[in-house]
Protein chains: 2
Amino acid sequence: MRPPLSAAIVIADAAALADEAGFEKVTLSAVARRLGVQAPSLYSHVRDLKALRDGMTALALGELADLVAAAIAGRSGLDALRAYAAVYRAYAQESPGRWQSLQRRAGEAVVRSDAARNMSTQAGAVLRGYPVPQDEHVHAVRLLGSTINGFLGLERTGNFDHSSPAPDVSWDRTVVALDALLRAWPAHSGTDSS
Amino acid sequence: MRPPLSAAIVIADAAALADEAGFEKVTLSAVARRLGVQAPSLYSHVRDLKALRDGMTALALGELADLVAAAIAGRSGLDALRAYAAVYRAYAQESPGRWQSLQRRAGEAVVRSDAARNMSTQAGAVLRGYPVPQDEHVHAVRLLGSTINGFLGLERTGNFDHSSPAPDVSWDRTVVALDALLRAWPAHSGTDSS
DNA sequence: GGTTTTCGCCTACATGCTGTAGGGTGGGTT
DNA sequence: AACCCACCCTACAGCATGTAGGCGAAAACC
């Protein structure tokens, strides 16, 4: 009758549920209900809950890596940075559950995946337009990721809800500030003035 | 015999458990076991699991606000910024469960608490040593929080584990970079080159 | 001093989720 | 036609949340 289930289908459905109800609401029972199947049936496709979550993380990682790749292709400098940041924010807003699935310690397999490797590479690519010395790239990449992810996290937890103006304005300032920072990357003991 | 339980004791014990085993492992059953009591007994002190978590968040918020207050008192500029950032990082490292309790959407009561209000005020105080115009303070505070919290989040989820050098080095660069950024806060349409 | 109230923890239970064991059925193969 | 196996099923054990109601001991009251 119905086409048989597969790991991919289960994980995709779990991701959809996460986006609708929040990552923490993703339960094997709930996914089974959505798929019109009994809960134990899912264990043939997914080892356990941890594996399901890892699958969602891997899925999100792959999607995001593709989006980032498309966004920064052919751009550089502030242009690339804007596109890079915009993709993250859009993803966090449009797929909040998937985005949440990235904010956790994932299994080894996920960490070593191509998508995960790509993500760091892409962050490095954004830096190409900036005068950050090669041996400082790690730090710049970490700073970039920290600020972008941190902003999205605070926004999601409602940290900005009780002060004006809307987060969008701060987001723009933040991206511009990061651009300025990267263009004048400080030397070890302070800043150099040009 | 034993002194009777109280909400404060239950919450404190839950916080201790969170630090030992992770925030997501905090369960009313587990806390009851630690306290040598049956699980339903806790419901006289804590309305439900959500209330317990909110209590932990409020506790952490209060502790952190006090630590920050002590750290930035009498300091300014980079000195204050360093102390401010250091308190956050130390707290995240020494009380990981409590820190995790801050990375969630808390109930209204917690959000409106004095401690929560203090935290924004304190972030603003750090900016006093920098030439950030008053109407830009919100953005700077948000940026500061984003970067600091984001770094700690990425560090905790193991994002930095598979690249060298150790996060400590990046942390230092990050704080220095934030200092540089605040000292040369970019104007709205770009940066001014001094 | 004895009675009564109250407080704090208890047992019992309903409900929901995870994960295991093992059964049955239908579609494809030979 | 008989077989097999992929796929989903039922049954169950274990642990979590949260409700209802009981019991005992200490405090309060006459």
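All figures in this text were calculated on a predicted structure; none of them were measured in a lab. Below, all heavy atoms of this structure are taken into account, side chains as well, without hydrogens, waters or symmetry copies. Below, read A as the first sequence line, B as the second, and so on, with proteins coming before strands; counting in each chain starts at 1.
- Listed by chain and residue number, B/Thr147 satisfy the side-chain hydrogen bond (donor to acceptor under 3.5 Å, both in side chains) test with A/Thr147 (two or more places apart in sequence, or in another chain).
- Residue A/His45 places none of its side-chain N or O atoms closer than 4.0 Å to OP1 or OP2 of D/dC7.
- The nucleotide whose nearest atom lies closest to any side-chain atom of A/Ser29 is, among D/dC8, C/dC10, C/dC17, C/dC17.
- Sorted by first and then second residue, the side chain to side chain donor-acceptor pair (under 3.5 Å) pairs with a member in residues 7-16 of chain A read A/Asp13-A/Arg34; sequence neighbours excluded.
- Counting to the nearest Å, the P atom of C/dG24 and the CD atom of A/Gln38 are 17 Å from each other.
- At whole-Å resolution of the value, CG in A/Leu5 and C1' in D/dC7 are 9 Å apart.
- If you measure from atom CD of A/Glu24 to atom C1' of C/dT18, you get 18 Å, rounded to the nearest angstrom.
- Pairs engaging residues 56-72 of chain A under the salt bridge (charged side-chain N to carboxylate O under 4.0 Å, His left out) rule: A/Glu63-A/Arg98 [sequence neighbours left out].
- In this structure A/Asp48 satisfies the salt bridge (Lys or Arg N to Asp or Glu O under 4.0 Å) test with no other residue, sequence neighbours excluded.
- Fit an axis to the five pairs at each end of the helix from C/dG1-D/dC30 to C/dT30-D/dA1 and the two axes sit 10° apart, to the nearest 10 degrees.
- Among residue pairs with one or both ends in residues 137-146 of chain B, none qualify as salt bridge (charged side-chain N to carboxylate O under 4.0 Å, His left out); sequence neighbours excluded.
- Under the 3.5 Å distance criterion, with hydrogens and angles disregarded, no donor-acceptor pair is assigned to the side chains of A/Asn149 and A/Tyr88.
- Each of B/Ser41 and A/Arg33 was matched to the nucleotide of DNA chain C holding its nearest heavy atom; the match closer to the 5' end belongs to B/Ser41.
- A/Arg33 is linked by a side-chain hydrogen bond (donor to acceptor under 3.5 Å, both in side chains) to nothing, counting only residues two or more places apart in sequence or in another chain.
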Tell me which donor-acceptor pairs under 3.5 Å the side chains of residues 50-60 of chain B have, and how far apart each pair is, sequence neighbours excluded?
unit_1: B/Asp54; atom_1: OD1; unit_2: B/Arg104; atom_2: NH1; d: 3.2
unit_1: B/Asp54; atom_1: OD1; unit_2: B/Arg104; atom_2: NH2; d: 3.1
unit_1: B/Asp54; atom_1: OD1; unit_2: B/Gly107; atom_2: N; d: 3.4
unit_1: B/Asp54; atom_1: OD2; unit_2: B/Gly107; atom_2: N; d: 3.3
unit_1: B/Thr57; atom_1: OG1; unit_2: B/Arg53; atom_2: O; d: 3.0
unit_1: B/Thr57; atom_1: OG1; unit_2: B/Ser101; atom_2: O; d: 2.8
unit_1: B/Thr57; atom_1: OG1; unit_2: B/Arg104; atom_2: NH1; d: 2.7

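- Taking the six-membered ring where the residue is Trp, the centroids of A/Phe151 and A/Trp171 are separated by under 6.0 Å.
- Residue pairs meeting the salt bridge (charged side-chain N to carboxylate O under 4.0 Å, His left out) criterion with at least one member in residues 111-123 of chain B, sequence neighbours excluded: B/Glu108-B/Arg112.
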Restricting to nitrogen or oxygen on both sides, can you table the protein-nucleotides 19-23 of chain C pairs closer than 3.5 Å?
unit_1: C/dG19; atom_1: OP2; unit_2: A/Leu49; atom_2: N; d: 2.8

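- Phosphate proximity of C/dC9 to B/Ser44: absent, as no side-chain N or O sits under 4.0 Å from OP1 or OP2.
- Remark: A/Thr27 is in phosphate contact with C/dT18, judged by side-chain N or O atoms under 4.0 Å from OP1 or OP2.
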Might you list the N or O atoms of the protein lying below 3.5 Å from N or O atoms in nucleotides 5-7 of chain C, with each pair's distance?
none

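- The distance from atom CG of B/Leu42 to atom C1' of D/dT19 is 14 Å, rounded to the nearest whole Å.
- Listed by first and then second residue, the ring-ring contact (aromatic ring centres under 6.0 Å, His included) pairs that reach into residues 5-54 of chain A come to none, sequence neighbours excluded.
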